[in-house]
Amino acid sequence: MALRNILIHPDPRLKKVATPVASVTDDLRRLADDMLETMYHAPGIGLAAPQVGVMDRVLVMDCVKDEGARPDPMVLINPKVLWTSEARNVYEEGCLSIPEQYAEVERPAEVEVEWMELDGKTRREKFDALWATCVQHEMDHLDGKLFIDYLRPLKRQMITRKMQKLKREMARG
Ligand code: K1U
Ligand code: ZN
């Protein structure tokens, strides 16, 4: 397992639509392991492959936040939304590609998702609460969408400028 570098917005790779995965290979298993390690290390509750520069439709998440609780790592390959609830939920979202910026985003409170597992089997599950918010946030990454795309243009621009400054500072070392 290895830590992967997380891309910081703005980056053209974070705006691209990722490609469906054709089959589970050793490379894909390694990617999923690395993504989970990178997510836990950050720390975060989710991570999508484009955030580490890989344009495959793969995401990982674990929304178990309580200390001492058993982790519940999930790997979703080619996830598809089958159903969304009418009821909506507002959550203050963050993003590992937009560090230290948070904003309220409204999304369906529940979603049913179908995906392929690492053993090649298809799985379907209904998510609610933070899991529902997280899976929608991560699936947006697979379609080149960031949580700031839901915000007013002025707020989005302000955050983007902060990130451009951060990237300049990081490049200087
Ligand atoms: O996709 C990402 O960049 C990961 C992101 C996922 C997410 C957060 C909040 C709402 C929806 C999706 C994060 O994990 S940001 C970090 C974070 O939320 C967190 C970090 C440590 C403990 C608990 C949460
Ligand atoms: Zn994100």
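We count ligands from 1, going down the list as the structure has it; atoms in each ligand are counted the same way. The first residue in the sequence is number 1, and the count goes up from there.
- Shown in contact with C95 at under 4.0 Å from a heavy atom are these atoms of ligand 1, numbered in order with element: 3 (O), 15 (S).
- Here the angle centred on the Zn ion (ligand 2), running from SG of C95 over to NE2 of H137, is 120°, rounded to 10°.
- At a 3.5 angstrom cut-off on N or O pairs, T133 does not count as close to ligand 1.
- Counting heavy atoms under 4.0 Å from ligand 1, residue E138 touches it through the side chain alone.
- The K65 neighbourhood of ligand 1 comprises atoms 23 (C), with distances under 4.0 Å to a heavy atom of that residue.
- The protein non-hydrogen atom at the shortest distance from atom 9 (C) of ligand 1 is G94 N, 3.7 Å.
- K167 and E169 are not joined by a salt bridge, as no carboxylate oxygen comes within less than 4.0 angstrom of a charged side-chain nitrogen.
- Looking only at protein heavy atoms, the nearest one to atom 21 (C) of ligand 1 is P43 O, 3.7 Å.
- With respect to E112 and K126, no salt bridge is recorded, no charged nitrogen being found less than 4.0 Å from a carboxylate O.
- Nearest heavy atoms, F127 versus A132: O-CB, 3.5 Å.
- Here K16 does not pair with D11 in a salt bridge; the nearest charged N to carboxylate O distance is not below 4.0 Å.
- Listed by number with element, the atoms of ligand 1 under 4.0 Å from a non-hydrogen atom of G46 are 1 (O), 2 (C), 4 (C), 14 (O).
- Per residue H141, closest N, O or S atom to the Zn ion (ligand 2): atom name NE2.
- From the protein, the heavy atom lying nearest to atom 18 (O) of ligand 1 is I45 CG1, 4.0 Å.
- At least one side-chain heavy atom of I8 sits under 4.5 Å from a side-chain heavy atom of M170.
- At least one N or O atom of L96 sits closer than 3.5 Å to an N or O atom of ligand 1.
- By the 6.0 Å contact criterion, NZ on K155 is open, its count of non-hydrogen atoms from other residues, nucleotides or ligands being 12 or less.
- Around CZ of R88, the count of heavy atoms belonging to other residues, nucleotides or ligands within 6.0 Å exceeds 12.
- Residue E92 places its CD atom among more than 12 non-hydrogen atoms of other residues, nucleotides or ligands, all under 6.0 Å distant.
- Shortest contact from atom 10 (C) of ligand 1 to any protein heavy atom: E93 CG, 3.7 Å.
- Between D33 and R4 there is no salt bridge, since no side-chain nitrogen of the basic residue lies less than 4.0 Å from a carboxylate oxygen of the acidic one.
- A salt bridge links R57 with D143: the closest approach of a Lys/Arg side-chain nitrogen to an acidic carboxylate oxygen falls below 4.0 angstrom.
- Polar contact check, L130 against ligand 1: no nitrogen or oxygen pair lies under 3.5 Å apart.
- Residue Q51 places a heavy atom under 4.0 Å from ligand 1.
- Heavy-atom proximity to H141, at under 4.0 Å, picks out these atoms of ligand 1: 1 (O), 3 (O).
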